[in-house]
Amino acid sequence: MTVARIALIALLMAATSVTAQSRRAGMNEVYFGMAGSESKDYTFEGGTTASTDSGFGLNFGWLHHINPNFAAGVELGWMDIDYQATVQPGLANPNVSGRINGSVETFSLRFTGAWHILPGDFTPYLGAGLGWTYIDTNIPAGLPESFCWYYPWYGSYCSTYVPTQTTTQFSYNVGVGLRYDFGRGVIRAAVEQQYVDFGGSYGSDHLTQYRIELGTKF
């Protein structure tokens, strides 16, 4: 093999490497995807227990690729999880324990970062995020309240609202995944641990989530 051929092959490999690296560097990305969570058992103060079913959620986010390996952004996430609980009576309560069914909804705002291990189109990556999670337990926190309004064109409308127990807490997540870039398109799959500080007597806990997302770069 002549020196000229070796030089040509080296130039082609360098050009291919630059092209692969330039697919993400300096570009923005928006993505949308689905998330699923594992089922889990919990034990709370006073002996009350709960078991959650597998949950379903949606994520929407934006990333800026600082270079082929590092990206930072922000995302919004929603998840709904059904549960069954055995509620124990408190002090001076002569009643027996009772079972309830319900659902918990969470809404999260996270600032995210990702390290793409390889600069090319197909790469494993490590991701992390931190922010706040709003939790609505859908457990009544007061008596039903009824309101009536006079809407334009429609007229009088009345509705009943039941206040529920809610909280907003600090949360963060870490995960590992695989990413493939095809042109301006992106497909990504990951598994992550979502940690939430519930506050009160329970403290913090984590939940395993599975994500698949589609995105586009611009």
Side-chain angles (χ1 to χ4, degrees), residues 29-45 48-64 71-87 99-116 124-142 161-180 185-216:
E29 176 185 323
V30 292
Y31 59 88
F32 176 81
M34 297 181 296
S37 67
E38 65 173 352
S39 58
K40 192 170 182 178
D41 297 327
Y42 300 85
T43 300
F44 302 94
E45 181 181 15
T48 290
T49 59
S51 297
T52 58
D53 297 333
S54 300
F56 172 79
L58 301 172
N59 295 307
F60 174 78
W62 166 85
L63 281 174
H64 176 70
V74 62
E75 73 174 15
L76 298 173
W78 165 84
M79 181 159 284
D80 182 82
I81 304 174
D82 292 331
Y83 70 88
Q84 305 82 41
T86 300
V87 180
R99 290 187 58 84
I100 60 173
N101 298 317
S103 65
V104 173
E105 286 185 279
T106 65
F107 301 87
S108 298
L109 169 65
R110 293 185 283 260
F111 297 95
T112 63
W115 173 43
H116 303 109
Y125 72 91
L126 302 178
L130 57 86
W132 299 270
T133 296
Y134 170 82
I135 304 168
D136 186 349
T137 64
N138 288 307
I139 297 174
Y161 166 75
V162 180
T164 56
Q165 186 65 43
T166 63
T167 183
T168 300
Q169 301 291 340
F170 173 75
S171 63
Y172 65 95
N173 63 287
V174 292
V176 59
L178 295 173
R179 173 192 175 98
Y180 178 64
V186 177
I187 184 169
R188 184 169 51 229
V191 57
E192 66 181 26
Q193 296 290 320
Q194 172 78 22
Y195 295 83
V196 178
D197 182 1
F198 290 95
S201 61
Y202 188 76
S204 62
D205 205 345
H206 70 276
L207 191 67
T208 301
Q209 295 183 354
Y210 306 91
R211 301 170 54 152
I212 184 166
E213 294 157 347
L214 295 173
T216 182

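Counting only heavy atoms from C-beta outward, the side chains of Leu109 and Leu76 approach each other to under 4.5 Å. Side-chain contact between Leu178 and Pro124: present, with at least one pair of heavy atoms (C-beta onward) separated by less than 4.5 Å.
Here the straight-line distance linking atom CG of Leu126 with atom CH2 of Trp115 works out to 6.0 Å at 0.5 Å rounding.
By the side chain to side chain contact (heavy atoms under 4.5 Å, CB included) test, Thr208 is found to be paired with Glu38, Val191, Gln193, Tyr210, residues two or more places apart in sequence or in another chain being considered. Residues passing the side chain to side chain donor-acceptor pair (under 3.5 Å) test with Thr167 are Gln169, sequence neighbours excluded. Residues passing the side chain to side chain donor-acceptor pair (under 3.5 Å) test with Ser51 are Asp41, sequence neighbours excluded. A search for side chain to side chain donor-acceptor pair (under 3.5 Å) contacts involving Gln165 returns nothing, not counting sequence neighbours. Here Arg110 pairs with Glu75 under the salt bridge (Lys or Arg N to Asp or Glu O under 4.0 Å) rule; sequence neighbours left out. Under the salt bridge (Lys or Arg N to Asp or Glu O under 4.0 Å) criterion, Glu192 pairs with Arg211, sequence neighbours left out. Evaluation of the side chain to side chain contact (heavy atoms under 4.5 Å, CB included) rule for Phe56 yields Met34, Leu58, Trp78 as partners, not counting sequence neighbours. Shown here are the side chain to side chain contact (heavy atoms under 4.5 Å, CB included) partners of Thr133, two or more places apart in sequence or in another chain: Thr106, Ser108, Ile135, Ser171, Gln194, Val196. With sequence neighbours excluded, no residue forms a ring-ring contact (aromatic ring centres under 6.0 Å, His included) with His64. Shown here are the side chain to side chain contact (heavy atoms under 4.5 Å, CB included) partners of Phe170, two or more places apart in sequence or in another chain: Leu130, Tyr172. Here Thr48 pairs with nothing under the side chain to side chain donor-acceptor pair (under 3.5 Å) rule; sequence neighbours left out.
Pairs passing the salt bridge (charged side-chain N to carboxylate O under 4.0 Å, His left out) check and including a residue from residues 162-179, sequence neighbours excluded, read Glu29-Arg179, Arg179-Asp181.
Between Leu63 and Tyr31, the shortest heavy-atom contact is CG-CE2, 4.0 Å. Closest of all the heavy-atom pairs between Gly77 and Asn59 is CA-OD1, 3.4 Å. Considering every non-hydrogen atom in both Ile81 and Gly55, the closest pair reads CG1-CA, 3.9 Å. The nearest pair of heavy atoms linking Gly33 to Glu213 is CA-CG, 3.7 Å. In terms of heavy atoms, Tyr42 sits closest to Thr52 at CE1-CG2, 3.6 Å.
Under a 3.5 Å cut-off, the side chain of Thr86 and the backbone N or O of Thr49 do not form any donor-acceptor pair. Put simply, the side chain of Asn138 gets close to the backbone of Ser103: a donor and an acceptor are under 3.5 Å apart.
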